[in-house]
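Numbers here are sequence positions counted from 1.
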Amino acid sequence: MATLQLGKRNFLKVLRKKDHGVYLEGGEIGDILLPKRYVPEGTEVGDTLDVFLYLDQEERLVATTEQPLIEVGQFAYLECKWTNEYGAYLDWGLMKDLFCPFREQKIRMERGKRYQVYCYIDDKTYRIVCSSKIEKFQKAISEKKHASTSCRDGRQGYGQSRRDRYDDRYGYDDRTSPADRSVIIGDFSSRLFEHIKLTPNGFSPYHDKSPAEEIYSMFGVSKKVFKQAVGDLYKRDLIKIRPDGIELTVKGKAMGAEE
C-alpha cells in the first residue's frame with residue numbers, strides 16, 4: 001500500500017466492519033478506524049474509500065470522509081472559534097478544531113474573525129497545526145520550487161514539471177476539452193472571489209504580474225488559470241484591476257455582503 005499521509009486525503013481499503021464503524025488498512029501503523037457516522041452507505045469489506053487522516057481528541061489516528069477546508073501544505077481563510085491560554089482553535093470543517101499556537105499568530109487571534117493560515121505538521125508534536133505567519137511558508141515553498149529546477153526540456157519554465165504546474169483539480173493542459181476548461185475556470189473563479197471577499201478592504205495583492213510560483217503556492221493553480229479567473233470576475237464587474245492587485249467593485253462588495 002502507498003505511504004499514509006497525515007493531514008491529507010488517502011485511498012484506503014476496508015478490512016473489516018464493526019458496529020461502531022469500519023477499519024481501514026493502515027500498514028505498519030495498524031488498522032485505522034473510520035467511525036460509523038462517516039461510513040458511506042453500502043460500504044463492504046474490500047472497498048477502497050477516499051478518506052482524510054487526522055488525530056482525534058485523544059491523539060489517535062482516525063479517518064473521516066468529510067472534506068476539510070484546508071489540508072497540510074495548503075493556505076486558506078478560516079474562522080477562529082475559540083481561544084485559550086495556549087492559542088486559538090480554527091474551524092476547518094472537522095469535529096476537532098485546528099490549533100494555531102500563539103507563537104504562530106501574526107496578530108492575536110479573536111473569536112469570530114477570519115485569518116489566512118497555512119496548515120502543516122509540527123515537527124516536535126507531530127500534530128496538525130496552522131500558522132498565520134504565512135510569508136515564511138510562501139518563501140519556503142518558492143525556494144523549494146526553484147531548488148528543484150532541472151530544465152531537462154525547454155517547457156519547464158521556472159523548474160516545475162508539467163504535472164506540478166497543472167495540478168489535478170485546478171489546472172489543465174492542451175489536452176483538456178473546452179468544456180472541462182470552463183468548469184476549471186468557473187470553479188477557481190468562485191474560489192478567487194471568496195478569497196478577495198475575506199481580505200481586508202476587499203483587496204488582494206495578487207495580479208497578472210505576480211510570479212507564477214507565488215500564484216501556485218497561494219492558490220494551487222497555474223498562472224494561466226489565475227489570469228483567466230481574474231478576467232472572468234472583471235467581465236462580470238465584480239473586481240477592478242489595479243497595478244498592485246485586484247479589488248472588489250461596488251457590485252462585488254454588495255454581492256459579498258448578500259452572501
Side-chain angles (χ1 to χ4, degrees), residues 8-9 69-78 115-120 131-249 252 255-256:
K8 291 180 176 290
R9 311 295 302 186
L69 301 175
I70 189 174
E71 296 184 7
V72 166
Q74 294 181 348
F75 298 88
Y77 278 89
L78 302 179
Y115 303 90
Q116 186 178 18
V117 297
Y118 178 80
C119 183
Y120 66 101
S131 171
S132 62
K133 297 180 179 180
I134 61 171
E135 293 81 5
K136 63 180 181 180
F137 295 101
Q138 290 174 327
K139 181 180 179 181
I141 291 172
S142 178
E143 290 176 347
K144 182 177 181 181
K145 291 183 185 299
H146 282 290
S148 66
T149 301
S150 59
C151 294
R152 293 192 182 93
D153 60 61
R155 299 175 301 168
Q156 290 192 358
Y158 55 84
Q160 286 180 277
S161 67
R162 191 177 187 86
R163 178 178 176 82
D164 287 336
R165 295 204 334 255
Y166 303 113
D167 68 318
D168 294 337
R169 184 175 180 187
Y170 290 113
Y172 62 81
D173 58 25
D174 297 336
R175 296 168 296 179
T176 308
S177 71
D180 287 341
R181 292 186 188 189
S182 296
V183 171
I184 291 169
I185 297 301
D187 190 1
F188 179 63
S189 180
S190 298
R191 191 157 68 94
L192 181 59
F193 182 58
E194 183 68 23
H195 157 75
I196 305 171
K197 284 194 315 181
L198 296 173
T199 57
N201 302 316
F203 172 78
S204 173
Y206 299 95
H207 50 90
D208 62 358
K209 296 296 189 296
S210 297
E213 60 267 33
E214 204 172 280
I215 297 294
Y216 190 90
S217 66
M218 176 61 197
F219 300 106
V221 301
S222 68
K223 191 168 181 178
K224 180 192 291 187
V225 172
F226 175 82
K227 290 175 69 173
Q228 292 186 325
V230 168
D232 174 61
L233 295 177
Y234 178 76
K235 290 176 183 177
R236 292 157 58 192
D237 193 28
L238 296 178
I239 64 170
K240 49 187 174 182
I241 301 174
R242 294 174 22 179
D244 58 344
I246 48 182
E247 183 178 22
L248 292 180
T249 59
M255 183 176 292

Engineer: Which residues satisfy the salt bridge (Lys or Arg N to Asp or Glu O under 4.0 Å) test with R236, sequence neighbours excluded?
Structural biologist: D232
Engineer: Considering non-hydrogen atoms only, spot the tightest contact between A229 and L192 and give its length.
Structural biologist: CB-CD2, 4.2 Å
Engineer: Taking the side chain as everything from C-beta on, heavy atoms only, tell me whether Y77 gets closer than 4.5 Å to H195.
Structural biologist: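 Counting from C-beta outward, Y77 and H195 do come under 4.5 Å.
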Engineer: Do L238 and L248 come close enough that some side-chain heavy atom pair is under 4.5 Å?
Structural biologist: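 Answer no - side chains too far apart.
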Engineer: Can you tell if the side chain of I241 reaches within under 4.5 Å of the side chain of H207, non-hydrogen atoms only?
Structural biologist: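 No, every pair of side-chain atoms sits at 4.5 Å or beyond.
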Engineer: Using the salt bridge (Lys or Arg N to Asp or Glu O under 4.0 Å) criterion, which residues pair with D237? Sequence neighbours excluded.
Structural biologist: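 Testing D237 for salt bridge (Lys or Arg N to Asp or Glu O under 4.0 Å), a comparison that skips the adjacent residues, returns none.
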Engineer: Between NZ of K235 and CD of Q228, what distance do you get to the nearest 0.5 Å?
Structural biologist: 8.5 Å
Engineer: Can you find a pair of side-chain heavy atoms, one from K240 and one from I246, that are under 4.5 Å apart?
Structural biologist: no
Engineer: Decide yes or no on side chain to side chain contact (heavy atoms under 4.5 Å, CB included) for V117 and S131, but give the supporting numbers first.
Structural biologist: CA-CA 5 Å; V117 297; S131 171; over 6 Å; no
Engineer: Less than 4.0 Å between a side-chain N and a carboxylate O, is that true for E194 and R191?
Structural biologist: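 The answer is no: the pair does not qualify as a salt bridge.
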Engineer: Listed by chain and number, what are the side chain to side chain donor-acceptor pair (under 3.5 Å) partners of E247, not counting sequence neighbours?
Structural biologist: R242
Engineer: Taking side-chain contact (heavy atoms from CB on, under 4.5 Å) as the definition, give me every residue that meets it alongside I215, ordered by chain and number, with sequence neighbours left out.
Structural biologist: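 side-chain contact (heavy atoms from CB on, under 4.5 Å) check on I215 returns Y206, S210, F219, V221, F226.
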Engineer: For Y115, which residues count as a ring-ring contact (aromatic ring centres under 6.0 Å, His included) partner, sequence neighbours excluded?
Structural biologist: none
Engineer: Tell me every residue that passes side chain to side chain donor-acceptor pair (under 3.5 Å) with D208, counting only those two or more places apart in sequence or in another chain.
Structural biologist: none
Engineer: Please list, chain by chain and in numerical order, all residues satisfying side-chain contact (heavy atoms from CB on, under 4.5 Å) with L69, sequence neighbours excluded.
Structural biologist: L78
Engineer: Measure across I239 and V230 and return the closest heavy-atom pair with its distance rounded to 0.1 Å.
Structural biologist: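 Heavy-atom minimum between the residues: CD1-O, 3.6 Å.
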Engineer: Once rounded to the nearest 0.5 Å, what's the spacing between atom CG of D244 and atom NZ of K209?
Structural biologist: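 Here the rounded value is 12.5 Å.
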Engineer: ring-ring contact (aromatic ring centres under 6.0 Å, His included) with F203: which residues, sequence neighbours excluded?
Structural biologist: none
Engineer: What do you reckon, is NZ of K8 surrounded by more than 12 foreign heavy atoms closer than 6.0 Å?
Structural biologist: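 Check passes, neighbour count above 12.
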Engineer: Can you measure from OH (Y118) to OG (S132) and round to the nearest 0.5 angstrom?
Structural biologist: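 Rounded to the nearest 0.5 Å, the OH-OG separation comes out at 14.5 Å.
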Engineer: When rounded to the nearest 0.5 angstrom, what is the spacing between OG in S189 and OH in Y234?
Structural biologist: 15.0 Å
Engineer: When rounded to the nearest 0.5 angstrom, what is the spacing between SG in C119 and CD1 in I70?
Structural biologist: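 If I round to the nearest 0.5 Å, the distance is 5.0 Å.
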Engineer: Which residues satisfy the salt bridge (Lys or Arg N to Asp or Glu O under 4.0 Å) test with K136, sequence neighbours excluded?
Structural biologist: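 Counting only residues at least two positions away or on another chain, K136 forms a salt bridge (Lys or Arg N to Asp or Glu O under 4.0 Å) with E104.
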